[in-house]
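Just below is one structure, and these are the notes that go with it.
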Amino acid sequence: MRIAMIGAGYVGLVSGACFAEFGVDVALVDTDETKVAALKAGRIPIYEPGLENLVADNAREGRLTFTTRLDEAVAGAEVVFLAVGTPTRRGDGHADLSYVFAAAEQVARAARGPLVLVTKSTVPVGTGREVKKRVQAVRPDLDITVASNPEFLREGAAIADFMRPDRIVLGVEEGAAGERALAVLKRLYRPLYLIETPIVATGLETAEIIKYAANAFLALKISFINEVADLCEKAGADVQQVSRGIGLDGRIGRKFLHAGAGYGGSCFPKDTLAFARTGQALGAPLRLVETTIAVNDDRKIAMADRVIAACGGDVAGKTIGILGLTFKPETDDMRDAPSLEIVPRLVAAGAILRAYDPEGMEVARPLLPASVQYVRNAIEAATGAEALVLLTEWNEFRNIAPQKLATAMAGRILLDLRNVYDPPAMREAGFTYHSIGRP
């Protein structure tokens, strides 16, 4: 089978490489000539564990190719995936679908035979129907069936998520055309069917809502436990034990119940906002989702205020070490990371910041104030600092001996905003230790 993947971003590159690993011939197309040239040379534009080797292996075997020519990519493809960006639209919070529609129309113009056109990008309900209208307007003579196959990839674990997913969602049109498209997509995903991965076959609108509803619910769990953490601090309780106590209930589950500085990344912030806007537009407001967004926005601001309060209410002229900048470990993604709110507020308050992140510093530089100093490791970030703030729970930060951190620092204030360290051990090392929702 031959497929084309339109868009060599995070979703397109990971999905394309994984499909190639299944033995499928994958043509990956992107308009960014620099990105395509880098991929042809074996340079991966994003950090994702295992991706570099996966791309290299399949490119070497000829199953994965890269091009800027959409007509070349689409030629002979049974399935074409749209994996282009759907950023938040300026001014109103809705998803910007201009890239999706433009790519769909270009595919229609380039196609020479029947194909299944699949939205892999996260799109609001109704997008598939609009895509169908637009491709029919461009090529009324061509047999193009539209489908939805949302991705559920976690940054830092994307390859494992693709190879062993919880489920595959396939949304198709009604009637015979939809049944044929479903058969083609099931054949494409046969390697996962053979390991008994559940396949959820639905209509277009249902598949589109599944993706948004899943992300919104996970974001809600994060905001919920963050508010519970604040209550725990006031009451003298331990939020980690609360999380375990409620997470062992099978109706609730243990995942996404880790208190911290708020969610970020490429999905939750924009998807919750777009989902809320869709509800408002259709007259079915999603009030829990709207509140989740507000709680998360407030959370990041509150974390900056918490750092200032821990430093006696004034950070002017004080050196503060920052451990971690990306929104989560095992990625270089800075999109909506808590650091983007916390760091500028500390700089505005007069702090001198020394920051270290294992993968995110080059991405962070143009996004953060120019005065931030970037160093080579965690100990350098701590050296001479009066306070140390942990923002991202990279494993290498867990492995540092508390006394080693304490010896490097000028002060002994530690704000563990991801609950990484053991409180008794840090206090034994002489730290004034601040965690999230733990006594």
Side-chain angles (χ1 to χ4, degrees), residues 122 150-158 160-169 192 195-200 202 206-207 209-265 267-269 271-273 275-276 279 284-300 302-303 327-330 338 390 392-393 395 398 416-424 434-439:
T122 301
E151 54 83 19
F152 299 94
L153 306 179
R154 296 169 299 158
E155 294 186 49
D161 284 349
F162 193 100
M163 295 299 189
R164 290 192 173 274
D166 295 325
R167 76 293 201 195
I168 300 164
V169 176
L192 298 183
I195 61 172
E196 300 184 344
T197 301
I199 295 179
V200 182
T202 74
T206 302
I209 288 181
I210 285 172
K211 169 63 177 182
Y212 272 114
N215 277 0
F217 188 77
L218 295 175
L220 188 151
K221 287 184 76 174
I222 294 170
S223 290
F224 171 79
I225 202 63
N226 281 339
E227 289 205 315
V228 171
D230 291 343
L231 176 61
C232 286
E233 289 185 7
K234 299 291 187 182
D238 187 332
V239 72
Q240 289 192 323
Q241 293 179 11
V242 172
S243 295
R244 176 172 168 77
I246 65 176
L248 289 171
D249 187 325
R251 298 167 299 175
I252 297 173
R254 291 178 289 180
K255 295 181 179 180
F256 290 85
L257 287 176
H258 304 288
Y263 61 75
C267 294
F268 287 1
D271 290 354
T272 51
L273 188 57
F275 199 35
L286 300 165
R287 289 172 291 178
L288 289 177
V289 179
E290 293 171 5
T291 301
T292 295
I293 295 166
V295 168
N296 194 63
D297 290 344
D298 292 344
R299 185 76 178 173
K300 296 172 185 178
M303 291 301 103
F327 88 96
K328 64 180 287 188
E330 300 301 333
L390 189 140
T392 314
E393 63 274 33
N395 276 335
R398 302 177 192 271
D416 181 3
L417 302 187
R418 294 293 183 180
N419 285 346
V420 165
Y421 297 119
D422 177 53
H434 303 264
S435 59
I436 301 293
R438 292 193 292 178

(request) Evaluate the side-chain proximity of Val242 to Cys232: yes if any heavy-atom separation is below 4.5 Å, no if none is. (result) yes
(message) I want to check something: taking the side chain as every heavy atom from C-beta on, are Ile222 and Phe268 in contact at a cut-off of under 4.5 Å?
(response) yes
(message) Is any side-chain heavy atom of Arg244 closer than 4.5 Å to one of Leu257?
(response) no
(message) I need the minimum non-hydrogen distance between Ala276 and Val289, along with the two atoms involved.
(response) CB-CG1, 4.2 Å
(message) Can you list everything that forms a side chain to side chain donor-acceptor pair (under 3.5 Å) with Asp416? Sequence neighbours excluded, please.
(response) Tyr433
(request) Give, for atom OH of Tyr263 and atom OG1 of Thr272, the distance between the pair rounded to the nearest 0.5 Å. (result) 3.5 Å
(request) Could you tell me whether the side chain of Leu218 reaches within less than 4.5 Å of the side chain of Lys255, counting heavy atoms only? (result) no
(request) Report the distance from atom CG of Leu220 to atom CG of Leu288, rounding to the nearest 0.5 Å. (result) 6.0 Å
(request) Please test Thr122 against Glu151 for side-chain contact (heavy atoms from CB on, under 4.5 Å), starting from the C-alpha separation and ending with a verdict. (result) CA-CA 8 Å; Thr122 301; Glu151 54 83 19; 4.1 Å; yes
(request) Evaluate the side-chain proximity of Pro338 to Met303: yes if any heavy-atom separation is below 4.5 Å, no if none is. (result) no
(message) If you define the side chain from C-beta out and look only at heavy atoms, does anything of Phe275 sit under 4.5 Å from Thr292?
(response) no
(message) Rounded at 0.5 Å granularity, tell me how far CD1 in Ile252 sits from CD1 in Ile246.
(response) 5.0 Å
(request) Find the distance between CD1 (Ile436) and CD1 (Ile225) and round it off to the nearest 0.5 Å. (result) 12.0 Å
(request) Rounded to the nearest 0.5 Å, what's the gap from CD on Glu330 to OG1 on Thr392? Could you check? (result) 11.5 Å
(request) Report yes if some heavy atom in the side chain of Val169 is under 4.5 Å from a heavy atom in the side chain of Phe152; otherwise report no. (result) yes
(message) Let me confirm one number: the CG-CD distance from Leu417 to Glu393, rounded to the nearest 0.5 Å.
(response) 11.0 Å
(request) Name all residues meeting the side-chain contact (heavy atoms from CB on, under 4.5 Å) criterion together with Lys328; count only those two or more places apart in sequence or in a different chain, and write none if there are none. (result) Arg154, Glu155, Thr331
(message) Quick one, Asn226 and Val295 - any side-chain contact, counting heavy atoms below 4.5 Å?
(response) no
(request) Verify the distance criterion only: is there a donor paired with an acceptor across the side chains of Arg398 and Asn395 at less than 3.5 Å? (result) yes
(request) Tell me, with the steps shown, if Lys211 and Asn215 meet side-chain contact (heavy atoms from CB on, under 4.5 Å). (result) CA-CA 6 Å; Lys211 169 63 177 182; Asn215 277 0; 3.6 Å; yes
